[in-house]
Amino acid sequence: MKYILTPKNFLDVALTLESGQAFRWQRHGDIWTGVVKNKVCRIVQDGLTVRFTGFTREEFIEYFDLRLDISEIYENTFSTHAEIRHLPQKYNGLRIMHQDLYECMLSFMLATNTSIPHIKSMIAKLSELCGEKIAGGYYAFPTPERILKSREKLCTCKLGYRERYIVEIARRIVDGSIELEKIKCMDYEHAVSELRGVNGIGNKVSDCICLFALKHYEAFPIDRHILDRVCRAYSSDNGFP
DNA sequence: CAGGTC
DNA sequence: CCTGG
């Protein structure tokens, strides 16, 4: 499948897939390979031309949220703050993705207090351990049922203290005390308070989930780095950046 | 200590 | 607090 981007609403595939929003993509040369919703997907970008397999055209547009006019957000928010006005140009093509809520919830819970390589390793091992095998030796993201079935072996995934959280979340989804479809219908404030009621999910993670799975663009995940940069940008002794 | 949370 | 760079 082939898709032609516009300069005004640009997508930089590499920038977006390396940004720490998604953890299941790998680059081989100029080919990006990842697993999205039980399917192996590949993407190659050449300027404004993007070719892909595994997605339908509609799924691709949804996944990278290409219908969102990102330049509108840039103009409405960034241009009014001198300290960050240069960033849209610097990170042109960095899109806010629209990922699956369940996968996003577990992924960002696992992402707490550790590094991107470890996050990728945890998700890869978890998928290999109990995800459904799909094409080419790849594994789907495991369903909550499959996670529970493998809970004795979860220690091989090196999740550390996050292991008990993931088991609890899987159990709560299966028994219905976490209702993903209801969360998808909530506004930002309600979604945050619902997500924050889950063990292992705090302020930062709930905002990541709201931004990367629920299209709540007002979410603003504050991690250590963001906090540092915001403090510097608005401190009186212009150390920025 | 690291892209937090309890 | 688990784990890894």
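Here the structure is a predicted model, which means the values were calculated and not measured. Sequence lines set the chain letters: A, B, ... in the order given, protein chains first and strands last, and positions in each chain run from 1.
Here the CD atom belonging to Glu62(A) is positioned 6.0 Å from the CZ atom belonging to Arg67(A), to the nearest 0.5 angstrom.
Between the C1' atom of dG3(B) and the CD1 atom of Ile209(A) lies a distance of 14 Å, rounded to the nearest Å. Taking atom CZ on Arg164(A) and atom C1' on dT5(B), their separation rounds to 9 Å, with Å as the unit. Taking atom CD of Glu18(A) as the reference point, atom C1' of dG3(B) lies 16 Å away to the nearest angstrom. Look at CD on Glu163(A): it is 14 Å from C1' on dC1(C), rounded to the nearest Å. As rounded to whole Å, 15 Å separates atom C1' of dG5(C) from atom NZ of Lys120(A). In this structure, the CD1 atom of Ile166(A) is 14 Å from the P atom of dT3(C), given to the nearest Å. Going from atom CG of Leu126(A) over to atom C1' of dT3(C) covers 16 Å, rounded to whole Å. Atom CZ in Arg196(A) sits about 14 Å away from atom P in dG4(B), given to the nearest Å.
Which of dG3(B), dT3(C), dT5(B) sits closest to the side chain of Ile116(A) comes down to dG3(B). Between dC1(C), dG4(C), dG3(B), one nucleotide has an atom nearer to the side chain of Asn113(A) than all others, and that is dC1(C). With distances taken from any side-chain atom of Lys158(A) to the nucleotides dC6(B), dG3(B), dG4(C), the minimum falls on dG4(C). Side chain of Asn199(A), nearest nucleotide from dT5(B), dC2(C), dC6(B): dC6(B). The Tyr161(A) side chain lies nearest to dC2(C) when the options are dC2(C), dT5(B), dG3(B).
Phosphate proximity of dG4(C) to His118(A): absent, as no side-chain N or O sits under 4.0 Å from OP1 or OP2.
For a distance-only test at 3.5 Å, the side chain of Tyr165(A) fails to qualify as a donor-acceptor partner of the base of dG4(B).
Here the side chains of Cys41(A) and Trp25(A) are in contact, with some heavy-atom distance below 4.5 Å.
Heavy atoms of Gly20(A) sit under 4.0 angstrom from at least one base atom. Base engagement by Ser19(A) is indicated by at least one non-hydrogen atom pair under 4.0 Å involving a base atom. Ile201(A) comes within 4.0 angstrom of the backbone, heavy atoms only, and of no base.
Under a 3.5 Å cut-off, the side chain of Arg95(A) and the backbone N or O of Asp65(A) do form a donor-acceptor pair.
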Practice item. Mind running side chain to side chain contact (heavy atoms under 4.5 Å, CB included) on Phe212(A) and Ser107(A) for me, showing each step along the way? Key: CA-CA 11 Å; Phe212(A) 304 140; Ser107(A) 298; over 6 Å; no
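Pair assignment for dC1(C) gives dG4(B), based on Watson-Crick or G-U wobble hydrogen-bonding distances that are each under 3.5 Å.
Classification of Arg24(A) and Glu103(A) as a salt-bridged pair fails, no side-chain N sitting under 4.0 Å from a carboxylate O.
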